[in-house]
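Notes follow the structure.
In listed order, ligands and their atoms are each counted from 1. Just so you know, these numbers use all the heavy atoms, side chains as well, and skip hydrogens, waters and symmetry mates.
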Amino acid sequence: MATMIIEGERTSAASGKTYEVRNPATGEVVDVVPAGGPADVDRAAQAAHKTFATWSKLPANQRREILHKAAQHMLGKVEEIATLLTKEQGKTILESRLEARRFGENIAWFADLADKVHGQHVKLPDTTTYGLVVRKPIGVCGAIVPWNFPLTLAANKVAPAIAAGNTVVLKPASTTPLSTLACIEALIEGGLPEGVVNVVLGQATGEAIVEHPLIRKIALTGSTPTGKRVMAKAAEQLKKVTLELGGSDPCIVLDDADLEGAARAISVGRFFNCGQQCLSTKRLYVQEGVYDALMEKLIARASKLKPGNGLDKDTRMGPMHSETQRAEVEAQIKDAVDRGARVLYGGGRPKGAEYDKGWFIEPTILTDIPDGARMWTEEVFGPALPVRKIKDLDEGIRLGNDTPFGLGSSIWTANMASAYRAVQELEAGYTWVNALVIAHDELPFGGTKQSGFGKEHGVEAFLQYTEEKSVVYGGIG
Ligand code: NAD
């Protein structure tokens with residue numbers, strides 16, 4: 001049985017309760033884990049608070065070295081961690097390897113900032129004084145993570161937090177705790193001091209983290225409704241919050257686009273991770289002149305995505321993560337079809353005995369979807385792509401922005417002026433121009449509108465795990 005990790009100790013829930021983690025491809029139990037609650041969060045927060053006193057005072061270059069060593073050790077375990085991730089999440093082993101590697105790389109990337117980010121010296125009018133702006137870590141930070149990219153999204157929070165000298169109480173999604181535990185275990189084995197990152201498990205620990213008075217900042221990745229609840233709760237203690245929430249990213253393809261490049265990017269953007277991506281291609285707007293040619297290419301690509309158990313080497317798309325998630329996407333597809341949409345590819349479940357026990361679904365492409373259909377107005381968190389023909393860029397930008405979300409967006413065009421307009425006018429935290437929808441460590445990433453606020457990745461994320469303090473030194477003249 002897996003355990004939580006609190007101050008380095010492998011621990012069960014105070015209540016003694018447990019629950020099962022199941023494989024989305026087979027329904028089999030992968031492991032049994034503690035169902036933690038407020039008492040466990042309290043222990044973890046106390047441990048993180050105690051450790052903060054030493055971790056935050058460590059010279060920054062030593063923190064950098066410790067984190068590099070720990071990340072290297074973790075990277076030596078990518079294969080076993082990736083296997084666990086596929087078993088609990090469903091994604092293909094190739095996707096899991098990429099994600100497990102990204103965890104270690106992210107820790108190393110932020111480790112390099114530990115001793116590189118400075119405060120300022122400020123001259124004051126009274127020359128017998130001078131001012132300083134110093135950057136300090138915040139304290140104990142809560143990290144709350146969803147199930148779609150358990151490791152990437154944990155690293156996005158843990159890496160900048162601990163590099164800046166904070167300590168963390170980390171809560172993975174209740175259905176994907178095992179690979180996260182393995183990563184933190186590996187960091188500790190690799191020299192990360194016990195208590196710097198504490199992992200609590202179970203549904204009830206999320207709210208307890210937001211409510212705990214010792215936890216000073218909350219970083220949540222999750223759905224927009226969860227973000228609103230967390231922000232309201234955090235407001236009671238005026239905690240800092242970073243909210244990475246839902247999205248419905250538009251992609252615009254114009255007549256002058258590189259269609260092969262666009263088809264590849266759209267296919268990866270919509271079908272990678274079985275479509276369960278926040279940054280993604282969730283609504284596709286294609287100019288009339290290239291519509292038919294692009295559909296042909298997209299259908300050809302979708303037909304190569306063989307669904308299957310993520311551990312099988314010929315699988316190109318794993319199952320959806322849960323029965324509820326699949327039911328939601330199927331209901332969105334049905335809503336579109338009931339309103340008159342045409343299915344260009346997929347639309348159902350793959351047939352065969354090997355698919356009976358898992359939450360499999362076909363990669364799906366739909367067109368002629370009327371306005372008001374759920375696929376246009378809601379986030380589609382699965383491998384179903386709604387497509388619409390557009391006359392020109394104006395229409396693409398208008399439709400692209402017709403959403404409460406503002407996470408990512410992309411455009412494919414050979415015309416610099418069109419690209420520039422899209423960059424200026426699309427309401428989103430990211431715009432990719434003729435590029436794969438991939439979030440880079442170097443670039444700040446975060447949404448606008450109801451996709452949340454605050455940044456992960458980049459120096460900006462590091463800064464959000466620090467507080468500025470002004471200091472006046474007198475008596476120098
Ligand atoms: P979710 O909102 O249901 O859960 C996310 C996490 O929050 C889980 O760990 C959950 O246990 C916890 N949680 C739920 N209610 C809580 C509460 N009241 N207080 C504290 N914690 C609580 O999301 P999900 O279904 O796990 O993930 C899918 C959603 O996440 C999608 O909307 C997706 O777009 C979004 N997402 C966003 C990003 C991004 O970076 N913007 C990245 C990945 C996923």
Side-chain angles (χ1 to χ4, degrees), residues 19 24 33 35-38 41 88-91 99 102 142-157 169-177 180 199-212 215 218-236 239 241-249 272-282 320-329 332 378-382 403-409 428-430 437-439 443-457 461:
Y19 67 94
V33 300
V41 170
E88 66 178 351
Q89 205 282 344
K91 62 183 72 194
E99 186 170 348
R102 297 276 301 121
I144 305 177
V145 179
W147 47 263
N148 61 329
F149 289 103
L151 305 184
T152 309
L153 299 170
N156 284 356
K157 298 160 185 54
V169 177
L170 166 64
K171 179 214 171 295
S174 47
T175 49
T176 52
T180 307
V199 188
V200 292
L201 305 181
Q203 197 71 40
T205 52
E207 274 187 43
I209 287 176
V210 181
E211 285 172 4
H212 200 288
I215 300 180
I218 306 294
L220 165 87
T221 300
S223 64
T224 295
T226 301
K228 290 177 183 174
R229 279 197 292 278
V230 164
M231 187 167 166
K233 222 356 138 203
E236 291 173 12
K239 295 188 182 195
V241 285
T242 297
L243 300 173
E244 297 288 357
L245 308 177
S248 183
D249 301 1
F272 188 81
N273 209 35
C274 198
Q276 301 159 116
Q277 309 187 71
C278 50
L279 285 174
S280 174
T281 305
K282 292 187 178 152
M320 291 200 65
H321 181 59
S322 70
E323 186 173 15
T324 333
Q325 282 299 131
R326 182 174 69 174
E328 182 76 1
V329 173
Q332 289 168 322
E378 300 173 2
E379 176 177 40
V380 179
F381 212 59
T403 169
F405 298 109
L407 198 55
S409 57
Y430 234 120
V437 175
I438 291 175
L443 289 172
F445 150 55
T448 180
K449 293 161 80 177
Q450 294 200 26
S451 292
F453 52 80
K455 296 292 177 193
E456 297 197 323
H457 296 185

| field | Residues, nucleotides or ligands: over 12 heavy atoms within 6.0 Å of K233 NZ | value | no

Q | Parallel, tilted or perpendicular: rings of H321 and W147 (30°, 60°) | A | parallel

the protein heavy atom lying closest to atom 28 (C) of ligand 1 turns out to be F381 CE2, 3.7 Å

request  = On the 0 to 90° scale, with breaks at 30° and 60°, tag the F445-H457 ring pair as parallel, tilted or perpendicular.
outcome  = tilted

Closest to atom 18 (N) of ligand 1 among protein heavy atoms sits E207 CG, 3.6 Å

Among non-hydrogen protein atoms, atom 9 (O) of ligand 1 lies closest to V145 O, 2.7 Å

Ranked by distance from atom 37 (C) of ligand 1, the top protein heavy atom is L245 O, 3.1 Å

### Query
Would a 4.5 Å heavy-atom cut-off, applied to side chains only, mark S248 and V380 as touching?
no

Check this for me - ligand 1, L153, N or O atoms closer than 3.5 angstrom, yes or no? no

Numbered in order shown, the ligand 1 atoms found under 4.0 Å of a heavy atom of L220 are 7 (O)

Ranked by distance from atom 25 (O) of ligand 1, the top protein heavy atom is W147 NE1, 3.1 Å

(message) If I apply the N/O under 3.5 Å rule, does S223 come out as touching ligand 1?
(response) yes

The atoms of ligand 1 lying under 4.0 Å from a heavy atom of K171, numbered in the order shown, are 8 (C), 9 (O), 10 (C), 11 (O)

### Message
Test your reading of the structure: does L407 have an N or O sitting under 3.5 Å from an N or O of ligand 1?
### Response
no

To atom 1 (P) of ligand 1, the nearest of V380, T226, I144, V210 on a heavy-atom basis is T226

For A173, the atoms of ligand 1 under 4.0 Å from one of its heavy atoms are 9 (O)

Here the pair of heavy atoms bringing S451 nearest to G246 is OG-O, 2.6 Å

min-distance protein heavy atom vs atom 34 (O) of ligand 1 -> E379 OE2, 2.5 Å

Taking only non-hydrogen atoms of Q203 and a 4.0 Å limit, the atoms of ligand 1 in range are 11 (O)

Heavy-atom proximity to atom 36 (N) of ligand 1 ranks first, among S451, C278, S280, for C278

In terms of its nearest heavy atom to atom 27 (O) of ligand 1, the top option of P146, G452, G206 is P146

Note: ligand 1 atoms sitting under 4.0 Å from heavy atoms of N148 are 43 (C), 44 (C)

